[in-house]
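Have a look at the structure below, then the notes.
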Amino acid sequence: MNIFNFSAGPASLPKEVLLKAQAELIDWNGQGTSVMEVSHRGKPFIELAEKSEADLRRIMSIPDNYKVLFLQGGGRGQFFSVPLNLYKRGKRSQHLVSGQWSKGAVVEAQKYMACDVIGENFTVANLINVTRPEASQIDSSAAYFHYCTNETVDGIEINWLPETGDVPLVADMSSNILSKQLDVSKFGIIYAGAQKNIGPSGLALVIIRDDLLDFARDDTPSTFHYATQAKKDSMYNTPPTFSWYLASLVFDWIEEKGGLAQIEKINQEKAKRLYSFINNSDFYSNRIAPQYQSKMNVTFYLADEALNQAFLTQSNDAGLHALKGHRDVGGMRASIYNAMPLEGVDALIEFMSEFERVNG
Ligand SMILES: *Cc1c(COP(=O)(O)O)cnc(C)c1O
């Protein structure tokens with residue numbers, strides 16, 4: 001039986017990537033050892049690091065005036081690293097809170113910054129919308145403006161760019177980075193924990209504009225000090241080498257697929273199929289306004305929630321794993337990141353349709 005894993009994170013990795021890693025596991029790069037067992041300062045690993053950065057720069061069209069860092073600490077590690085590293089720009093940060101993760105970023109930032117929440121969600125006709133901050137709300141003395149482009153828990157994706165003038169735009173893209181084309185030059189800092197669309201957990205990617213490297217608090221720990229890590233090519237401390245290696249295989253896979261233009265097309269098609277099925281059904285519903293429905297995390301509810309357990313048990317038995325929604329929002333969630341093939345989405349729709357036929 002084909003297994004399709006809809007886990008929100010850590011999430012599925014492309015089969016081709018896992019097979020390549022399996023084939024190279026005990027003899028990587030002709031070394032006679034695995035990639036996990038060699039020095040990060042040796043030539044083979046340095047070459048891997050350099051190639052992966054060059055690949056990512058090409059895939060995302062990252063301009064030359066941005067540094068790319070491969071760090072530890074995951075997504076949440078950046079919740080405190082961002083305020084520490086931008087502290088000398090202003091001691092005040094502005095935030096859009098569109099769901100659980102952007103709220104979590106405020107909780108951490110508040111330890112260092114005066115945080116100003118200038119937009120939250122609102123509900124119209126039972127559908128969740130996101131407030132779009134007005135240019136007049138931006139405080140030009142703020143160190144940065146933070147938002148989350150895709151709320152993994154809630155299933156909310158923001159497709160517009162907040163207009164923040166000279167205030168650097170900082171985006172948590174943990175769950176939709178590499179899912180579509182993006183103009184990196186609009187951002188001051190983009191960061192992402194790896195375990196959704198990049199690779200396994202243990203790695204965080206930070207893409208930062210050069211001019212923002214000079215504002216860290218003096219007491220910022222060196223491991224999380226962007227300028228130190230930039231100077232040391234992300235090797236001030238030992239990087240998570242195996243995660244980095246797997247990320248490099250994922251980058252190869254993205255290029256083999258035709259890059260982000262092609263990946264984006266497939267992601268659009270997957271989301272379109274699943275949302276149109278849900279929207280055309282009275283048995284299932286999604287509670288997000290159409291323009292904010294996430295293409296990565298599709299949240300939905302059964303009209304009769306007494307059937308939730310049966311839905312989860314039977315879907316799991318059918319090889320469709322990890323569909324339970326996050327405990328904070330309930331219901332169901334199908335995470336359909338890059339590694340989820342179209343066939344997985346079709347199999348889910350077929351199951352949902354049959355479940356509705358039997359129980360509706
Ligand atoms: C998963 C996730 C995080 C947290 O990542 P950790 O690696 O667990 O710290 C942060 N933000 C978003 C949007 C996420 O999806």
Side-chain angles (χ1 to χ4, degrees), residues 3-25 28-29 34-36 40 44-62 66 68-75 77-78 149-150 152 172-182 184 190-207 233-234 239-268 270 295-297 322 335-345:
I3 300 294
F4 294 108
N5 172 16
F6 294 89
S7 173
S12 350
L13 286 160
K15 253 301 127 51
E16 297 91 326
V17 164
L18 293 176
L19 289 169
K20 177 105 199 282
Q22 182 183 45
E24 303 185 331
L25 187 63
W28 172 68
N29 202 25
S34 79
V35 66
M36 285 176 277
H40 55 297
F45 195 84
I46 299 274
E47 279 173 6
L48 180 155
E50 286 172 352
K51 179 184 178 298
S52 64
E53 180 180 332
D55 290 348
L56 185 70
R57 284 183 177 276
R58 196 166 50 244
I59 290 168
M60 291 184 71
S61 308
I62 299 174
Y66 284 74
V68 177
L69 308 177
F70 294 81
L71 305 179
Q72 297 194 24
Q78 305 314 312
T149 51
N150 186 69
T152 322
D172 176 359
M173 297 195 184
S174 295
S175 53
N176 71 345
I177 194 163
L178 297 173
S179 70
K180 58 184 177 185
Q181 291 172 292
L182 178 78
V184 174
I190 291 170
Y191 68 85
Q195 67 271 22
K196 283 82 184 218
N197 248 349
I198 299 171
S201 61
L203 179 72
L205 196 66
V206 175
I207 301 168
D233 297 323
S234 306
T241 53
F242 192 67
S243 297
W244 196 338
Y245 156 75
L246 276 173
S248 79
L249 297 184
V250 170
F251 300 159
D252 290 342
W253 177 82
I254 289 174
E255 295 212 282
E256 279 157 24
K257 287 264 165 187
L260 293 188
Q262 287 309 312
I263 293 272
E264 179 170 2
K265 269 194 203 145
I266 302 167
N267 285 333
Q268 273 169 355
K270 289 185 311 194
K295 292 189 172 61
M296 296 285 102
N297 310 97
S335 295
I336 52 172
Y337 301 117
N338 289 351
M340 176 61 63
L342 197 53
E343 302 83 72
V345 170

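Keep in mind it's a predicted model, so treat the numbers as computed, not measured. Computed over heavy atoms, backbone and side chain alike; hydrogens, waters and symmetry mates excluded.
Atom OG of S234 sits about 7.0 Å away from atom CD of E53, to the nearest 0.5 Å. Atom CD1 of I177 and atom CG of L205 lie 5.0 Å apart (nearest 0.5 Å). Between atom CD1 of residue I198 and atom OG of residue S175 there is a gap of 10.5 Å, rounded to the nearest 0.5 Å. The distance from the NZ atom of K295 to the CD atom of Q268 is 5.5 Å, given to the nearest 0.5 Å. Of the inter-residue distances, the one linking M296 atom CE with T152 atom OG1 reads 10.5 Å to the nearest 0.5 angstrom. Atom NZ in K51 sits 11.5 Å away from atom CG in L56 (nearest 0.5 Å).
The closest side-chain donor-acceptor pair between N267 and Y337, if any, does not fall under 3.5 angstrom. If you check the side chains of T149 and N176, you find a donor sitting under 3.5 Å from an acceptor.
For the pair M36 and L25, the minimum side-chain heavy-atom distance is below 4.5 Å. Side-chain contact between I263 and W253 is present, with heavy atoms from C-beta onward closer than 4.5 Å. Under the 4.5 Å side-chain criterion, counting only non-hydrogen atoms from C-beta, L182 is in contact with M173. Within the 4.5 Å cutoff, side-chain heavy atoms of Q22 are placed close to those of L19. Between I254 and L260, the closest side-chain pair of non-hydrogen atoms falls below 4.5 Å. A 4.5 Å side-chain heavy-atom check between D233 and E50 finds every atom pair outside the cut-off. Looking at heavy atoms from C-beta onward, F4 lies in side-chain contact with E343 at the 4.5 angstrom threshold. Contact of the Y191 side chain with the D172 side chain is registered, since non-hydrogen atoms from C-beta on lie closer than 4.5 Å.
Minimum heavy-atom separation, N297 to A8: ND2-CB, 4.5 Å. Summarising the geometry of P14 relative to A339, their closest heavy-atom pair is N-CB, 3.5 Å, with the distance given to 0.1 Å. K196 approaches S174 most closely through the heavy-atom pair CB-O, 3.5 Å. Contact between P240 and Q72 at its shortest, heavy atoms only, is CD-CG, 3.5 Å.
Using a cut-off of 4.0 Å between Lys/Arg side-chain N and Asp/Glu carboxylate O, K20 and E24 are scored as salt-bridged.
Using modelled atom types, no side-chain atom of Q262 and backbone atom of K257 make a donor-acceptor pair closer than 3.5 Å. A donor-acceptor pair is defined here as one N or O able to donate and one able to accept, closer than 3.5 Å; no such pair exists between the side chain of S201 and the backbone of Q195. Of the possible donor and acceptor atoms, one in the side chain of N197 sits under 3.5 Å from a partner among the backbone N and O of N338. Listed for the S12 side chain is a donor-acceptor partner under 3.5 Å among the backbone atoms of N5.
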Check your understanding: Does the side chain to side chain contact (heavy atoms under 4.5 Å, CB included) test come out yes or no for N29 and V35, once each step is laid out?
Key -> CA-CA 8 Å; N29 202 25; V35 66; over 6 Å; no
Check your understanding: Would E16 and E256 count as a side chain to side chain contact (heavy atoms under 4.5 Å, CB included) if you check the C-alpha gap in whole Å, the side-chain angles of each, and the deciding distance to 0.1 Å?
Key -> CA-CA 11 Å; E16 297 91 326; E256 279 157 24; 5.8 Å; no
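The aromatic rings of W244 and F70 sit parallel, their planes meeting at an angle under 30°, below the 60° perpendicular limit. In this structure, W28 and Y245 have perpendicular ring planes: the angle between them is above 60°, well past the 30° mark.
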